[in-house]
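The structure appears below as structure tokens.
Lettering of chains follows the sequences in order, A, B, ..., and the numbering in each one begins at 1.
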Amino acid sequence: MSDRRTIEVTVNGVRHTREVETRLTLGDFLRHELGLTGTHIGCEHGVCGACTIHLDGAAARSCILFAVQAHGCEITTVEGLAKSDGTLHAVQQAFRDHHGLQCGFCTPGMQMTITAFLAENSSPSEKEVREAISGNLCRCTGYQGIVAAALDAAQKLRGA
Amino acid sequence: MKPAPFKYHDPRSVKDLVGLLASLENAKLLAGGQSLGPMLNFRYLMPDHLIDLNRIAELAYIRPGADTLEIGAMTRQRTLEHSQEVQRTCPVLVEALHSVGHIATRNRGTIGGSLSHLDPAAELPGVCALHDAMLTVAGPNGTRSIAMAEWGVSFMTPNLEPNEVLTGVTLKAWREPHGYAFVELARRQGDFAMAGVGCLVALDGNSKVRRIALSLIGVTTTPVRLSAAEKLLTGSDLAGEAIKAAAAEIGALEALDDAHATGTYRKRLAGVMLGRAIGRAAERARMQGSRQ
Ligand code: FES
Ligand code: FES
């Protein structure tokens with residue numbers, strides 16, 4: 001007999017009510033139940049950071065959170081970063097400008113990590129950026145483009 | 001689905017929690033989930049019941065006293081890191097938190113979870129040892145207090161019965177002006193420390209050690225206070241020779257030996273971390289002194 005609960009969550013501004021099995025992770029809930037496949041699932045044990053989302057504004061790993069724990073919470077995923085007219089978020093635009101991605105697997109997690117970080121620290125040093133993304137693994141870029149993108153986005157966001 | 005099936009419970013009070021713990025067989029407590037989550041996903045653990053502590057509001061607090069700092073078990077690591085009260089009373093805790101995982105894991109991770117999981121490389125138990133913490137545990141027969149020195153029974157095993165739960169921890173703050181430092185070495189930022197040392201030190205008017213506390217993580221099965229080294233250094237001027245003699249005391253410890261680092265290497269590293277931690281703490285103590 002599976003253990004089920006009804007949960008209510010707001011994802012990227014949209015309210016959803018669903019009945020879920022209690023052992024369903026938030027990452028799988030977003031992808032399989034809501035079809036929001038922008039959140040990537042890499043290691044599924046809290047190491048790679050690909051699944052990072054914002055839970056009530058704070059970056060968190062959705063592969064080691066249960067959907068039932070998000071009941072009553074506001075969630076933002078990478079799909080919630082760009083404007084509805086398709087204009088990219090400053091962090092996304094900077095990734096494009098600085099070759100901050102190659103295969104794109106780590107990108108949603110990187111961007112959710114960096115947007116939350118810049119909201120707290122609007123003028124970080126390079127060292128602080130590297131520390132902020134230390135929990136996100138990228139196997140393609142060598143991180144240079146990602147760091148450059150984060151620093152550029154910080155500057156643009158300050159100016160905006 | 002990654003974890004094996006379980007029945008989920010989310011009590012709203014410590015009373016309800018203790019009741020559940022007393023009545024359920026093979027139950028696991030879910031705090032921040034940053035260590036338990038992976039273990040459930042791997043099915044290393046297959047509890048029949050998962051009791052989520054995240055909706056028990058009374059377990060999250062920071063209460064500074066005259067010379068204590070009381071912290072609720074479900075207080076998030078990130079909350080501690082940003083707390084002015086913590087920075088004022090136990091700044092070494094804030095310094096150590098910068099090495100605890102990453103921002104996203106500290107947003108969820110809790111001090112009680114870290115103390116109960118008791119990974120040998122965990123920083124927060126090391127800080128609790130440094131500050132002579134007392135832990136409060138609730139169970140079917142009420143609450144009891146345990147000194148941090150008695151908390152670690154063996155590898156990843158705290159002094160906790162299956163029907164008990166850690167509810168809070170009280171750190172003893174140092175009243176006198178002192179320097180502090182928490183220094184560790186890991187293969188990358190936020191990874192498990194191969195060795196780490198916490199240090200609190202108060203100096204007298206002649207720059208001699210009046211009081212010193214040293215704790216070590218990542219080397220022994222549970223965090224330890226380096227009491228022999230503390231004794232050696234008390235009254236000393238922290239010159240190179242004194243620190244060398246203190247570091248030599250680490251040689252007597254039984255060290256963890258695994259794929260990440262051999263015991264010999266860990267102990268050697270611990271000596272280096274010891275020197276760095278004392279150096280930084282003493283420098284801060286001197287700055288404190290010159291500001292008086
Ligand atoms: S998929 Fe969540 S951290 Fe790797
Ligand atoms: S772009 Fe491929 S993993 Fe980062």
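- In terms of heavy-atom pairs under 4.5 angstrom with chain A, the leader among Gly33(B), Pro38(B), Gly37(B), Ala4(B) is Pro38(B).
- Considering only residues two or more places apart in sequence or on other chains, Ala195(B) meets the side chain to side chain contact (heavy atoms under 4.5 Å, CB included) condition with Val219(B), Leu269(B), Ala270(B), Met273(B).
- Closest approach of Leu55(A) to Ala60(A), counting heavy atoms only: CB-CB, 4.4 Å.
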Donor-acceptor pairs, chain A vs chain B, cutoff 3.5 Å:
{"from": "Asp3(A)", "atom 1": "OD2", "to": "Tyr8(B)", "atom 2": "N", "distance (Å)": "2.7"}
{"from": "Arg5(A)", "atom 1": "NH1", "to": "Asp10(B)", "atom 2": "OD1", "distance (Å)": "3.2"}
{"from": "Arg5(A)", "atom 1": "NH1", "to": "Asp10(B)", "atom 2": "OD2", "distance (Å)": "3.3"}
{"from": "Arg5(A)", "atom 1": "NH2", "to": "Asp10(B)", "atom 2": "OD1", "distance (Å)": "3.1"}
{"from": "Arg23(A)", "atom 1": "NH1", "to": "Pro3(B)", "atom 2": "O", "distance (Å)": "2.7"}
{"from": "Glu44(A)", "atom 1": "O", "to": "Asn41(B)", "atom 2": "ND2", "distance (Å)": "2.6"}
{"from": "Ala59(A)", "atom 1": "O", "to": "Asn107(B)", "atom 2": "ND2", "distance (Å)": "2.8"}
{"from": "Cys63(A)", "atom 1": "O", "to": "Asn41(B)", "atom 2": "ND2", "distance (Å)": "3.1"}
{"from": "Gln69(A)", "atom 1": "O", "to": "Arg55(B)", "atom 2": "NH2", "distance (Å)": "3.2"}
{"from": "Gln69(A)", "atom 1": "NE2", "to": "Asp52(B)", "atom 2": "OD2", "distance (Å)": "3.2"}
{"from": "His71(A)", "atom 1": "O", "to": "Arg55(B)", "atom 2": "NH2", "distance (Å)": "3.1"}
{"from": "Glu120(A)", "atom 1": "OE1", "to": "Arg78(B)", "atom 2": "NH2", "distance (Å)": "2.4"}
{"from": "Ser134(A)", "atom 1": "O", "to": "Arg188(B)", "atom 2": "NH1", "distance (Å)": "3.0"}
{"from": "Ser134(A)", "atom 1": "OG", "to": "His102(B)", "atom 2": "ND1", "distance (Å)": "2.9"}
{"from": "Gly135(A)", "atom 1": "N", "to": "His102(B)", "atom 2": "ND1", "distance (Å)": "3.2"}

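- Legend: residues meeting side-chain hydrogen bond (donor to acceptor under 3.5 Å, both in side chains) with Thr87(A), ordered by chain and number and at least two apart, are Asp85(A).
- Residues Leu26(A) and Ile75(A) are in side-chain contact: their nearest non-hydrogen atoms beyond the backbone lie under 4.5 Å apart.
- For Phe42(B), the part sitting under 4.5 Å from any heavy atom of chain A is the side chain, from C-beta outward, and nothing else.
- Taking each heavy atom of Cys63(A) and Gly46(A) in turn, the nearest pair found is SG-N, 3.4 Å.
- In this structure, chain A has a heavy atom under 4.5 Å from the side chain of Leu30(B), while its backbone stays farther away.
- Side-chain contact between Val20(A) and Ile7(A) is present, with at least one heavy-atom pair separated by less than 4.5 Å.
- For Ala149(A), the side chain to side chain contact (heavy atoms under 4.5 Å, CB included) test picks out Ala94(A), Phe95(A), His98(A), with sequence neighbours left out.
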